[in-house]
Amino acid sequence: MMLQTRPLHPLFGVEVIGVDVRRVAADVFTALVGAFNEHSVLLFRGQRVDDAEQVAFSRRFGPLEATIRTVVSHQGYLPEISNLANVDAEDRMIPAGDKRIAFNAGNQMWHTDSSFKRVPALASLLSGREVPPEGGETEFASMRVAYERLPDATRRLLEGRVAIHSFEYSRGLVGQGLLSPEHAAQVPPVPQALVRANPVHGRKAFFVASHACEIVGMPTEAARALLRDLLDRATAPGLVYTHRWQPGDLVMWDNRCVLHRGRPWDVGRYRRVMHRTTVAGDGPTAPDVAGIAVAPAREADRAWCRAQLTAAGVPAAVLQ
Ligand code: OGA
Ligand code: MN
């Protein structure tokens, strides 16, 4: 079965043409899995799915993650739906100064979904139900492409290493108090392999994110400098695919090897209704690490975060 595709970017990502995700025959589905492993980002246009249909399609790729219920903006939806919208379950617009908007601004830092969970996500599927006329793009960058461009010495340095990812750390960079103690307790820091190979074709990628904050056996400052360097390499101009949303777009990405971030938009003015389903990974990427310690964010870490968000156009008012 040959899929009809068109590249999104010269280095990764394709649009899949002529597929209605509500009706995918078994042979087409097998081809989609192949395309996912090969291209890392798949775009399906014109998919007017509701939450149940999105869940049904997503589940064909594997069991879905349930969202963390203490995240207020997710309340009122199916347990498999993450609400990335600036409207709540009652369809009311969330006011611009609301904590939930600042919380979601964390998604405007480069990350890969659920890398702060012991078993990180395999794939995310984001459905654009209502999209703003300007801003609100989602950007993607390939850690596989970037890995393949690394100097050999850096690849050797990364091999076999384990990084620590912490949601409390990354949200703490955006603003203090965005995470309730109850929520923070649900997401303790976790170890993740720093290099991951795709199990189908063996191509490697490094695995970092805004949540990555330590490397086991390395001093904090050196680790953070290396992690930032890897993020910068992956997201260098020319390596980034910027997705400009049309209503009905469904974008699926491979969290094992792709970074993404949302871009700001005028949240007080335009509705942006995006629902995400998340396919769970099939196991931990690294063995347990005893006594994980995360050094608190330093001023340099926070400044880096602010610089990233400010450069992305996040209004200073959102940042604390
Ligand atoms: C996500 C995410 C960014 C966006 O869906 O996981 O980070 O553009 N989204 O909304
Ligand atoms: Mn995300």
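For ligands, and for the atoms within them, numbers begin at 1 and follow the listed sequence. Computed from heavy atoms alone, side chains included, the values below leave out hydrogens, waters and symmetry copies.
Ring geometry for Phe116 versus Phe167: interplanar angle of 30 to 60°, hence tilted. Relative ring orientation between His243 and Trp245 is described as perpendicular, the plane-to-plane angle rising above 60° on a 0-90° scale split at 30° and 60°. Using cut-offs of 30° and 60° for the angle between ring planes, the Phe29 and Phe57 rings count as perpendicular. In this structure, Phe36 and Phe61 have tilted ring planes: the angle between them lies in the 30° to 60° band.
For the pair Trp253 and ligand 1, a heavy-atom separation below 4.0 Å is found.
No continuous path of ILVMFWY side-chain contacts below 4.5 Å connects Val190 to Val208, so the two sit in separate hydrophobic clusters.
Counting atoms of ligand 1 from 1 in the listed order, those under 4.0 Å from a heavy atom of Asp113 are 6 (O). Against a heavy-atom cut-off of under 4.0 Å, Thr138 is close to the following atoms of ligand 1: 4 (C), 8 (O). For ligand 1, the atoms closer than 4.0 angstrom to any heavy atom of Asn107 are 7 (O). Close contacts between ligand 1 and His111 involve ligand atoms 7 (O) [criterion: under 4.0 Å to a heavy atom].
A donor-acceptor pair under 3.5 Å links the side-chain atoms of Gln192 to the main chain of Ser115, judged by distance alone.
Taking any N or O of His260, backbone or side chain, at least one lies under 3.5 Å from an N or O belonging to ligand 1. Taking any N or O of Trp245, backbone or side chain, none lies under 3.5 Å from an N or O belonging to ligand 1. Here's the thing with Arg272: one of its N/O atoms is less than 3.5 angstrom from an N/O atom of ligand 1. Considering both main-chain and side-chain atoms, Arg261 never comes within under 3.5 Å of ligand 1 through any nitrogen or oxygen pair.
Of the angles at the Mn ion (ligand 2), the one spanning NE2 of His260 and OD1 of Asp113 is 90° when given to 10°.
Side-chain N/O atoms of Arg269 and Asn86 include no donor and acceptor closer than 3.5 Å.
Of the protein's non-hydrogen atoms, Arg276 CD, 3.3 Å is the one closest to atom 5 (O) of ligand 1.
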Requested in this report: Check the pair Asn198 / Asn37 against side chain to side chain donor-acceptor pair (under 3.5 Å), numbers first and verdict last.
Outcome: CA-CA 8 Å; Asn198 179 294; Asn37 279 299; 2.9 Å; yes
